[in-house]
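These notes are about the structure you will find just below.
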2 protein chains.
Amino acid sequence: MTPQAGSVAASGPRPGTASPDAGQRILDAAYELFSRRGIRDVGISELIDRAGVAKATFYRHYRSKDDVVLAFLSQRDELWTVNQIIAGARSRGTTPTQQLLAIFDVFGDWFIRDDFEACSFINVLLEMGPGHPLGQASIDYLARIRDHVQALAEEAGLARPEEFARSWHILMKGSIVSATEGDTHAAARAQEMAGWLIEHHQR
Amino acid sequence: MTPQAGSVAASGPRPGTASPDAGQRILDAAYELFSRRGIRDVGISELIDRAGVAKATFYRHYRSKDDVVLAFLSQRDELWTVNQIIAGARSRGTTPTQQLLAIFDVFGDWFIRDDFEACSFINVLLEMGPGHPLGQASIDYLARIRDHVQALAEEAGLARPEEFARSWHILMKGSIVSATEGDTHAAARAQEMAGWLIEHHQR
DNA sequence: TGAGGGACAGACCGGTCTGTACCGTTGTAA
DNA sequence: TTACAACGGTACAGACCGGTCTGTCCCTCA
């Protein structure tokens with residue numbers, strides 16, 4: 001908020017005329033706003049306000065609003081998909097099968113958070129439509145999630161891992177939408193069906 | 001909600017002024033535009049253009065944009081949920097269990113249509129958020145879909161029909177999102193899991 | 001000491017949005 | 001025939017949008 005906040009505070013990564021990295025503040029603000037409120041509901045003015053950044057500074061770092069949304073989606077993939085969901089699930093189980101089922105344990109904890117914001121990739125896809133570049137990018141990131149599931153299925157030695165991952169993904173997405181509707185037990189319901197899916201794919 | 005239908009009943013095409021009730025033309029245009037493009041992407045100007053109606057006429061029939069969206073959601077419930085999905089599924093099966101599974105047959109035909117527009121209730125819910133009045137209305141209409149499933153489950157004599165319906169609904173919503181991503185076989189995948197769900201709820 | 005440059009502030013532009021007001025026209029009822 | 005109500009057309013108000021631009025401040029480095 002404060003304009004002068006930490007002018008040289010950063011641990012000096014950039015030589016020369018470097019500064020507190022306004023670009024990072026923009027990305028942080030974009031993550032907060034876009035993940036909770038969607039794309040169209042957040043304007044550039046509010047974004048630069050939150051980041052404590054001038055408009056010209058924003059447009060020096062990003063070519064357009066779509067550009068910063070793409071950067072947000074990439075950040076979301078890293079912080080949420082990989083660091084939260086995949087890493088969280090892997091740490092909760094020892095065998096690949098346990099790790100797969102643990103995805104819905106992570107979901108269960110996530111669904112009951114008061115700042116639960118659903119899946120940004122689904123949100124953006126449905127908000128912008130599959131024809132829009134941002135919708136297409138969301139589809140790509142959703143495919144990456146499915147790839148993680150497929151990799152775990154292969155580690156578990158399950159049959160037809162690609163088909164398995166697509167069915168598994170239906171459970172993930174369906175439970176997220178149900179959680180958005182207010183069903184706090186959606187993760188447990190999906191996990192039950194996920195168990196049957198594993199059984200039917202065991203050789 | 002209903003556009004008041006002030007003039008004479010629609011006993012025939014009017015010779016002079018408005019041919020087929022301006023209020024109905026507005027609702028028809030709203031259905032076409034909102035179901036295919038969402039809410040925020042469609043402005044009032046485009047809506048009245050499509051309906052062939054003056055702006056003042058629109059605001060004589062509907063108090064606001066939200067008002068006409070509510071009317072659209074109601075229409076969507078009638079034309080899509082009831083007439084297409086539920087009636088279609090009931091006509092395809094003889095027993096309640098067959099009728100339940102036939103939902104995903106209807107979905108399968110629906111997903112491959114080139115004008116596939118996904119589920120408006122999910123779209124509006126994620127577009128506006130669960131806190132917005134339109135999001136809340138969407139949640140209510142989604143609950144009505146679940147009620148239809150629950151009724152079929154009760155007819156089929158399945159155990160714990162409410163829990164069954166919530167799990168079933170996860171499969172419906174998840175497959176719709178997958179279809180939006182481009183998976184044309186999402187309905188078959190969901191149907192397979194739906195079969196297992198029925199098995200586990202048979203007394 | 002002074003030049004250079006990144007950051008902040010904010011005016012400004014064209015366009016779009018929802019919603020209102022006013023117009024002349026036309027069919028229907030009295 | 002006249003009064004009325006609904007209609008299409010359109011200008012307008014006020015807000016907001018994404019994006020451009022100018023000006024000022026301050027830090028860094030030569």
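Heavy atoms only: backbone and side chains are in, while hydrogens, waters and symmetry mates are out. What you are looking at is a predicted structure, and each value in this text was computed from that prediction instead of being measured. Naming: A, B, ... by sequence-line order, numbering from 1 per chain.
For the pair B/Ile48 CD1 and C/dC17 P, the computed distance is 11 Å after rounding to whole Å. For the pair A/Asp41 CG and D/dC17 C1', the computed distance is 13 Å after rounding to whole Å. Between the CG atom of A/Asp49 and the P atom of D/dC17 there is a distance of 11 Å, given to the nearest Å. Atom CG of A/Leu134 is separated from atom P of D/dG18 by 13 Å (rounded to the nearest Å). Summarising the geometry, the separation between CZ on A/Arg25 and P on C/dA7 is reported as 9 Å, rounded to the nearest angstrom.
Using a cut-off of 4.0 Å between Lys/Arg side-chain N and Asp/Glu carboxylate O, B/Arg37 and B/Glu32 are scored as not salt-bridged. One finds a salt bridge joining B/Asp109 and B/Arg92 here, because a Lys/Arg side-chain nitrogen approaches an Asp/Glu carboxylate oxygen to under 4.0 Å. Residues B/Asp28 and B/Arg50 are not paired through a salt bridge, judged by the lack of any N-O separation under 4.0 Å between the basic side chain and the carboxylate. In this structure, B/Glu154 does not pair ionically with B/Arg160, as no charged nitrogen and carboxylate oxygen lie closer than 4.0 Å.
Side chain of A/His201 to main chain of A/Ala159: a donor-acceptor pair is present (N/O by atom type, distance under 3.5 Å, no hydrogens or angles).
Within the structure, a side-chain polar atom (N or O) of A/Thr57 is placed less than 4.0 Å from OP1 or OP2 of C/dC8. Phosphate proximity of C/dG6 to A/His61: absent, as no side-chain N or O sits under 4.0 Å from OP1 or OP2.
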TODO: Summarise how protein sits on nucleotides 18-24 of chain C as a single string, 5' to 3': B when a protein heavy atom is under 4.0 Å from the base, S for sugar-phosphate-only contact, - for no contact.
DONE: BBBBB--
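You'll find the ring centres of B/Phe104 and B/Trp168 inside the 6.0 Å limit.
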